Protein chains: 2
Amino acid sequence: MDRTARRPDSRYGNRPTMKDVAARAGVGLKTVSRVVNGEPGVTPDTERRVQEAIEALGFRRNDSARVLRKGRTASIGLVLEDLADPFYGPLSRAVEEVARAHGALLINGSSAEDPEREQELVLALCARRVDGLVVIPAGDDHRYLEPEIAAGVATVFVDRPAGKIDADVVLSDSFGGARDGVAHLIAHGHRRIGFIGDQPRIHTAAERLRGYRAAMEDAGTAIEDAWMSLGVTDPVRVRKAAEDMLAGPDPVTAIFAGNNRVTVTVVRVLSEVDRPVALVGFDDIELGDLLRPGVTVVAQDAAQLGRTAAERLFRQLDGVSVVPERIELPTRLITRGSGELPPAD
Amino acid sequence: MDRTARRPDSRYGNRPTMKDVAARAGVGLKTVSRVVNGEPGVTPDTERRVQEAIEALGFRRNDSARVLRKGRTASIGLVLEDLADPFYGPLSRAVEEVARAHGALLINGSSAEDPEREQELVLALCARRVDGLVVIPAGDDHRYLEPEIAAGVATVFVDRPAGKIDADVVLSDSFGGARDGVAHLIAHGHRRIGFIGDQPRIHTAAERLRGYRAAMEDAGTAIEDAWMSLGVTDPVRVRKAAEDMLAGPDPVTAIFAGNNRVTVTVVRVLSEVDRPVALVGFDDIELGDLLRPGVTVVAQDAAQLGRTAAERLFRQLDGVSVVPERIELPTRLITRGSGELPPAD
DNA sequence: CCCGCATCTGACAACGTTGTCCAGGGCCTA
DNA sequence: TAGGCCCTGGACAACGTTGTCAGATGCGGG
């Protein structure tokens with residue numbers, strides 16, 4: 001008895017191939033290929049027969065084989081921190097739209113802010129031979145990407161610069177935005193201003209902290225340690241940080257929140273405090289205009305970041321740009337009330 | 001003179017292949033394959049030599065070729081409406097996590113609520129030979145998927161059922177949720193309750209409308225045409241619809257909003273109205289607890305939807321389940337104030 | 001009527017990987 | 001020392017597609 005199966009591995013449930021279509025249509029393999037790809041040199045009659053066979057068999061070209069042959073996958077990868085974060089949704093969508101306009105699919109993955117996972121994801125995408133990568137870096141050493149870039153994988157970093165390699169990067173002006181936001185508070189009479197932000201190893205967090213410091217310095221105000229809380233974004237610790245700043249004999253009269261998650265929690269805390277405390281947040285938050293007071297924010301345009309990065313990526317793929325560039329997009333201060341509150345004391 | 005290039009198409013910038021690695025390490029091609037895949041039967045010394053060659057050349061296995069040979073891509077597709085919608089971010093992330101746990105990558109695309117684009121995307125994903133598909137359908141006819149499913153592409157629909165084919169589907173209890181939400185308003189004394197929702201051709205919208213009708217009927221209240229606005233989600237038209245309901249001699253005293261986008265706009269409108277109008281929205285909205293009054297919502301768990309669907313998908317891929325099933329997840333009424341306001345008159 | 005040309009078609013190799021199968025060599029045992 | 005077995009390594013085909021190139025077919029003009 002023959003134990004060997006006709007097909008050793010069941011594969012795609014025995015999908016029809018061009019060969020099958022060719023057999024059914026009574027034409028050559030290459031003719032089917034021509035029809036499928038809309039290449040010229042096929043008589044209408046032959047084309048019709050092939051089309052019928054395709055319909056009848058439910059044939060669908062195997063892009064894996066196509067990729068293997070052609071070398072281009074028409075897909076790009078996007079590695080970001082967390083798709084569930086409202087900041088990244090629009091960014092991802094913007095990248096997708098640009099990709100779509102260039103006929104490419106988007107594969108994306110979340111690094112969960114873990115450098116190891118970022119690398120793992122990026123390399124997995126490279127193994128799929130994506131044509132290009134848009135990366136929002138979690139780590140700060142991207143030398144592992146050098147062979148990939150050398151091999152022709154277009155790469156653009158977004159939101160934070162690459163570490164230890166020279167690559168295109170598109171970011172928001174975190175420094176300027178934070179400085180303006182803090183200056184806004186100062187202009188409204190505040191001096192004791194708290195800062196709650198992420199770990200300074202994250203570029204944007206460091207830049208925003210730098211902006212905070214610069215604005216305070218411009219105003220000639222010495223910053224007290226108790227006003228700063230770094231490396232804190234989870235709700236529990238942000239809450240504690242905010243409450244600490246607001247307690248004691250000499251509390252802050254205003255808070256600058258380093259990103260959208262921090263802002264949201266600070267809003268919660270402030271809603272429970274009986275005296276008015278001013279607030280400016282980095283990143284816009286949904287419904288920020290409907291709160292009372294409305295939340296004044298330094299807004300960055302996530303979609304524009306994504307769009308710019310993706311366009312830059314495809315320009316690389318078209319072989320246009322070669323010199324890595326750093327593109328910085330301006331932020332926008334949106335005043336809604338919370339940042340215009342005067343000091344409470 | 002020879003005009004033909006050494007390599008006709010430049011391809012991946014001449015990436016090293018296993019052959020190159022083998023040559024450099026002085027071993028056979030298959031031995032490299034064994035090392036790369038961690039297969040047994042390679043002496044430590046040989047393995048070391050191969051590893052060194054891999055490092056030196058920056059070799060990365062070409063997964064396209066691997067896929068072609070093995071038949072499984074270890075990737076799944078997710079087609080949703082709009083990644084920028086806060087409802088889909090967590091859903092997508094949940095699917096990704098499950099995929100990751102099964103060693104698969106996630107390719108996702110936005111249909112923009114366009115049936116044609118949905119089909120285009122799905123077929124593109126099938127051409128990539130994704131192992132499975134999670135689809136949030138935009139269209140209502142999915143017979144085009146029949147050959148794919150027959151060919152072994154695992155498929156799960158989420159949020160809305162498939163049209164004209166029998167397939168797994170995971171959804172929220174839109175009918176029950178909407179009925180409960182409206183009943184909640186009725187329990188607080190409302191009778192003239194407006195409904196603003198999406199086009200009834202969308203399953204969830206139809207179900208929510210049905211829930212609204214059922215609750216009203218249970219209360220013995222005849223619905224007036226002026227109370228209902230269907231097929232309306234963009235801010236401008238929602239605003240107009242809400243304003244219309246609130247104007248006139250006999251305005252509604254409460255509004256049931258059919259999804260998160262509608263809710264947000266209705267909140268905006270209500271914040272401009274001088275009398276209190278009750279509101280219950282379908283879908284939770286961020287910061288809904290911080291508004292005054294807090295927004296009472298019928299919440300669905302987007303992440304749980306995604307997780308359930310993805311797990312079901314991988315169960316299909318493991319060949320466990322065969323009979324298409326319909327899984328309905330309960331919704332949860334979250335009372336925060338806006339739904340408990342009494343009628344204004 | 002035949003030749004030449006243009007148009008259409010198909011055979012074949014190659015893409016980079018993995019599965020199958022066989023060869024060679026070392027080691028243990030009789 | 002010879003025989004057999006196990007362990008390691010490599011040659012080869014195949015996956016489904018596309019590029020190359022040459023053959024077939026048909027048509028018009030000389």
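Remember, it's a predicted structure, so these values are computed and weren't measured experimentally. Just so it is clear: chains get the letters A, B, ... in the order the sequence lines come, proteins before strands, and each one is counted from 1.
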**Student:** Would you call A:R129 and B:D63 a salt bridge, taking side-chain N to carboxylate O under 4.0 Å as the test?
**Tutor:** no
**Student:** Assign B:E47 to base, sugar-phosphate, or nothing according to its heavy-atom contacts below 4.0 angstrom with the strands shown.
**Tutor:** nothing
**Student:** May I ask you to evaluate whether B:S33 reaches the phosphate of C:dT18, defined as a side-chain N or O under 4.0 Å from OP1 or OP2?
**Tutor:** yes
**Student:** Which nucleotide sits closest to the side chain of A:E39: C:dG19, D:dG9, D:dG19?
**Tutor:** D:dG19
**Student:** So what does A:V27 touch, heavy atoms closer than 4.0 Å: a base, only the sugar-phosphate, or nothing?
**Tutor:** sugar-phosphate
**Student:** Tell me whether the side-chain N/O atoms of B:T46 come closer than 4.0 Å to OP1 or OP2 in D:dG9.
**Tutor:** yes
**Student:** Answer yes or no: does a side-chain N or O of B:N37 lie under 4.0 Å from OP1 or OP2 of C:dT18?
**Tutor:** yes
**Student:** Does B:E81 come within less than 4.0 Å of B:R117, counting only side-chain N to carboxylate O?
**Tutor:** no
**Student:** What nucleotide among D:dT17, D:dT20, C:dG16 has an atom nearest to a side-chain atom of A:R61?
**Tutor:** D:dT17
**Student:** Answer yes or no: does a side-chain N or O of B:R34 lie under 4.0 Å from OP1 or OP2 of D:dG10?
**Tutor:** no
**Student:** Look at the side-chain N and O atoms of B:T43 and state whether any lies under 4.0 Å from the OP1 or OP2 oxygen of D:dG9.
**Tutor:** yes
**Student:** Would you call A:E311-A:R307 a salt bridge at under 4.0 Å N-O?
**Tutor:** no
**Student:** Quick check for you: among D:dT17, C:dA11, D:dC15, whose closest atom lies nearest to any side-chain atom of A:K30?
**Tutor:** C:dA11
**Student:** Closer than 4.0 Å, any side-chain N/O of B:R129 to the OP1 or OP2 of D:dC15?
**Tutor:** no
**Student:** So if I take every side-chain heavy atom of A:R66 and compare against D:dT18, C:dT17, C:dT18, which nucleotide ends up nearest?
**Tutor:** D:dT18
**Student:** Ignoring backbone atoms, test whether B:K70 places a side-chain nitrogen or oxygen under 4.0 Å from the OP1 or OP2 oxygen of C:dG19.
**Tutor:** yes
**Student:** Would you mind classifying the nucleic acid contact of B:V36 as base, sugar-phosphate or nothing, using non-hydrogen atoms under 4.0 angstrom?
**Tutor:** nothing
**Student:** Determine the contact category for A:G41: base if any of its heavy atoms lies under 4.0 Å from a base atom, sugar-phosphate if only primed atoms, P, OP1 or OP2 are that close, otherwise nothing.
**Tutor:** base
**Student:** Mind calculating the distance between CZ (A:R72) and C1' (C:dC15) to the nearest angstrom?
**Tutor:** 16 Å
**Student:** Whether the side chain of A:R312 engages the backbone of A:F157 through a donor-acceptor N/O pair (distance < 3.5 Å, no angle test) should be reported.
**Tutor:** no
**Student:** For the pair A:H142 (side chain) and A:G163 (backbone), establish whether a donor and an acceptor sit closer than 3.5 Å, ignoring hydrogens and angles.
**Tutor:** yes
